[in-house]
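Data block below; observations after.
Just so you know, these numbers use all the heavy atoms, side chains as well, and skip hydrogens, waters and symmetry mates.
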Amino acid sequence: MEKEQVLFSDLWLSQEMILAVEKKWYKIPSSIQASVIPIFLNTTKDIIWQAQTWTGKTAAFALPILDRLDHDKNWIQAIILTPTRELAIQISDEFKSFSDSRKVKTTLLYGWQHISWELSALRSWPQIVIWTPWRVQDHLRRKSLKIDTIDYFVLDEADEMLNIWFREDIDIILESAPKHKRVLLFSATMPKAIKDIIHNYMWDYEIISVKSDETTNKSIEQKCYKVNEMNKFDALCRVIDVEKDFYGIIFCKTKAWVDEVASNLMSKWYKAEWIHWDVEQKWREKVLNRFKNKKINMLVATDVAARWIDVNDLTHVVNYDLPDNPETYTHRIWRTGRAGKKWVALSFVSRRDSRMLIY
């Protein structure tokens, strides 16, 4: 017997929100949306979701938050914390796309802006604040950010934030926020730091995770090539030359390796560019736009710089160097594909890296 298909109209959303969804031509909710939204709307529980990063999670928290927002209250009711500026912008755009018929005041704060602009934005009485953690402590100290009124606190890509030294900022927010707030935590992996946050700050919660037979995305073909360290670049060139319509991201451990690999590729007239955290923000944006528009077909990047990359239709993810832990490997290969698309995750393994292989 076939399982009955779930529709957005089955998720306890208001008619206004259903119409907002239909305007975007969304018809069938993703697994995360079908799981999270009813729990959000029908319980007072915190929600923990462990899954890949392309599962439609933004709508899973944006829709019910917008549905429960009190439009008569001119103070911050929801904070969405996310690791990167680019992801914060994407989330802000998603909120706006669902609330064009409502008067919802959102503010986007992501650092690298003049503090006076941020202070002005916070004085405009936003109801939703979407931001990266760079200035959390600064605003709390200035008392320009008052979070004792918030009802919802979303930690998006929580494991990524904890990988980028934001644990103290997250602790400060959770300790300063009211006890009645609801926490929604989204994470692709569950390292110890995430479990500590759950243990310390979340009590009545629902855990939603992918089933064991879903943890390996069937769209990913994972390959491993054992090569000598000095032969990695030649092996990379052979892969690029042999694979039809190569369009991918090449991950390196260090900025120095990113610079060298990208420079060598460009010297051979491959359409390649590079990004890492020493590259200016404006340049990173230009490079990413060229990559998205396929003016270049390969991007060499470090893990930190690549965290915010959201590109469709990749054919390859290349681990030029193996990462130091399984969580980073998971992020590399999961965050770059999209449901229904097939792509190859290819790893070069030298003798010194072979100890890191998991059989």
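The side chain to side chain contact (heavy atoms under 4.5 Å, CB included) check on L19 picks up Q15, E22, with sequence neighbours excluded. F8 pairs by the ring pair (Phe, Tyr, Trp, His ring centres under 6.0 Å) definition with nothing, not counting sequence neighbours. Listed by chain and residue number, I89 satisfy the side chain to side chain contact (heavy atoms under 4.5 Å, CB included) test with D93 (two or more places apart in sequence, or in another chain).
By the 4.5 Å heavy-atom criterion applied to side chains, V104 and I128 are counted as neighbours. In this structure the side chain of T106 never reaches within 4.5 angstrom of the side chain of P126, judged on heavy atoms. Contact check for L236 versus L265: side-chain heavy atoms found under the 4.5 Å cut-off. The shortest distance between side-chain heavy atoms of Y225 and V349 does not fall below 4.5 Å. Taking 4.5 Å as the limit, every side-chain heavy atom of L184 sits out of range of all side-chain heavy atoms of Y205. Side-chain atoms of T302 and C252, non-hydrogen and from C-beta on, never get closer than 4.5 Å to each other. In this structure, K181 and I79 have side chains that are not in contact, with every pair of non-hydrogen atoms separated by 4.5 Å or more. Using a 4.5 Å cut-off on side-chain heavy atoms (C-beta onward), H316 and Y247 make no contact.
The minimum heavy-atom distance linking L140 with S176 is given by the pair CD1-OG, 4.3 Å. Taking both residues in full, the closest heavy atoms of I296 and V287 are given as CD1-O, 4.1 Å, listed atom of the first, atom of the second, then distance. Nearest heavy atoms, K105 versus N74: NZ-OD1, 3.5 Å. In terms of heavy atoms, C237 sits closest to K268 at SG-CD, 4.0 Å. Closest non-hydrogen pair, K146 versus T149, comes out as O-OG1, 4.1 Å. Considering every non-hydrogen atom in both T189 and I194, the closest pair reads O-CG1, 4.4 Å.
Judged purely by atom type and a 3.5 angstrom limit, S124 uses its side chain to pair as donor or acceptor with the backbone of A121. The main-chain N or O of E285 is found under 3.5 Å from a side-chain atom of N289 such that the two form a donor-acceptor pair. Side-chain N or O atoms of T43 include one that pairs as donor or acceptor with a backbone N or O of K45 at under 3.5 Å. Here the side chain of S92 pairs no donor or acceptor atom with the backbone of A88 at under 3.5 angstrom. D70 contributes a side-chain N or O that, together with a main-chain N or O of D72, makes up a donor-acceptor pair within less than 3.5 Å. Panel note: side chain N231, backbone V227; no donor-acceptor pair is recorded below 3.5 Å. Between the side chain of S97 and the main chain of E94, a donor-acceptor pair closer than 3.5 Å is present. For Y201 (side chain) and V183 (main-chain N/O), no donor-acceptor pair under 3.5 Å exists by modelled atom type. With hydrogens and angles disregarded, a donor-acceptor distance shorter than 3.5 Å links the side chain of S35 to the backbone of S31. Listed for the S144 side chain is a donor-acceptor partner under 3.5 Å among the backbone atoms of H139.
A salt bridge is defined here as a Lys NZ or Arg NE, NH1 or NH2 lying under 4.0 Å from an Asp or Glu carboxylate O, and D151 with R68 fails to meet this definition. A salt bridge does not link D234 with R238: every distance from a Lys NZ or Arg NE/NH1/NH2 to an Asp or Glu carboxylate oxygen is 4.0 Å or more. Of the charged side-chain nitrogens involved, at least one lies within less than 4.0 Å of a carboxylate oxygen, so that K192 and D196 count as a salt-bridged pair. A salt bridge does not link E118 to R142: none of the charged nitrogens lies less than 4.0 Å from a carboxylate oxygen.
For the pairing with L185, the side chain to side chain contact (heavy atoms under 4.5 Å, CB included) check across I197, I47, D159, D46 returns one residue only, I197.
The distance between the ring centers of Y152 and F40 falls below 6.0 angstrom.
One finds the CG atom of D156 at 12.5 Å from the OG1 atom of T132 (value rounded to the nearest 0.5 Å). For the atom pair CG (L108) and CD (Q90), the distance works out to 11.0 Å, reported to the nearest 0.5 Å. For the atom pair OG of S99 and NE2 of H71, the computed distance is 8.5 Å after rounding to the nearest 0.5 Å. With rounding to the nearest 0.5 angstrom, the CG atom of N297 is 9.0 Å from the CG atom of D245. Note: F291 CZ to L314 CG = 5.0 Å, rounded to the nearest 0.5 Å. A distance of 10.0 Å separates CZ in R141 from CD1 in I172, rounded to the nearest 0.5 Å.
Cation-pi contact between R290 and W283: present, with separation from the ring centre below 6.0 Å and deviation from the ring axis of at most 45°.
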**F153/R182 under side chain to side chain contact (heavy atoms under 4.5 Å, CB included): CA gap, chis, key distance, verdict** = CA-CA 6 Å; F153 179 46; R182 295 181 68 182; over 6 Å; no
**Request:** Show the numbers, then the answer: is there a side chain to side chain contact (heavy atoms under 4.5 Å, CB included) between Q50 and S187?
**Result:** CA-CA 5 Å; Q50 180 184 1; S187 184; 5.7 Å; no
**Request:** Begin from the C-alpha positions of I76 and Q127 and carry the test side chain to side chain contact (heavy atoms under 4.5 Å, CB included) through to its verdict.
**Result:** CA-CA 4 Å; I76 300 172; Q127 295 164 316; over 6 Å; no
**Item:** side chain to side chain contact (heavy atoms under 4.5 Å, CB included) evaluation trace for I48 with E206
**Value:** CA-CA 6 Å; I48 301 161; E206 184 95 11; over 6 Å; no
**Request:** Test D171 against R167 for salt bridge (Lys or Arg N to Asp or Glu O under 4.0 Å), laying out the working first.
**Result:** CA-CA 6 Å; D171 282 335; R167 174 60 189 269; 3.1 Å; yes
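Other residues, nucleotides and ligands contribute only 12 or fewer heavy atoms inside 6.0 Å of the NE2 atom of H199. Within 6.0 Å of atom CH2 in W117, more than 12 heavy atoms from other residues, nucleotides or ligands are found, so the atom counts as buried in its surroundings. Crowding of W131 atom CH2: a count of heavy atoms from other residues, nucleotides or ligands under 6.0 Å exceeding 12. Within a 6.0 Å sphere centred on NZ of K24, heavy atoms belonging to other residues, nucleotides or ligands number more than 12.
Hydrophobic clustering, with ILVMFWY side chains joined whenever heavy atoms are under 4.5 angstrom apart, keeps L109 apart from W125. Residues W75 and I147 fall into different hydrophobic clusters, defined by Ile, Leu, Val, Met, Phe, Trp and Tyr side chains chained together at heavy-atom separations under 4.5 Å. The hydrophobic clustering, which links ILVMFWY residues whose side-chain heavy atoms are closer than 4.5 Å, places L63 and W12 together. Residues L174 and I207 fall within the same hydrophobic cluster, defined by Ile, Leu, Val, Met, Phe, Trp and Tyr side chains chained together at heavy-atom separations under 4.5 Å.
A donor atom on one side chain and an acceptor atom on the other are found under 3.5 Å apart for S350 and E229.
Ring geometry for F348 versus Y320: interplanar angle over 60°, hence perpendicular rather than tilted (30 to 60°).
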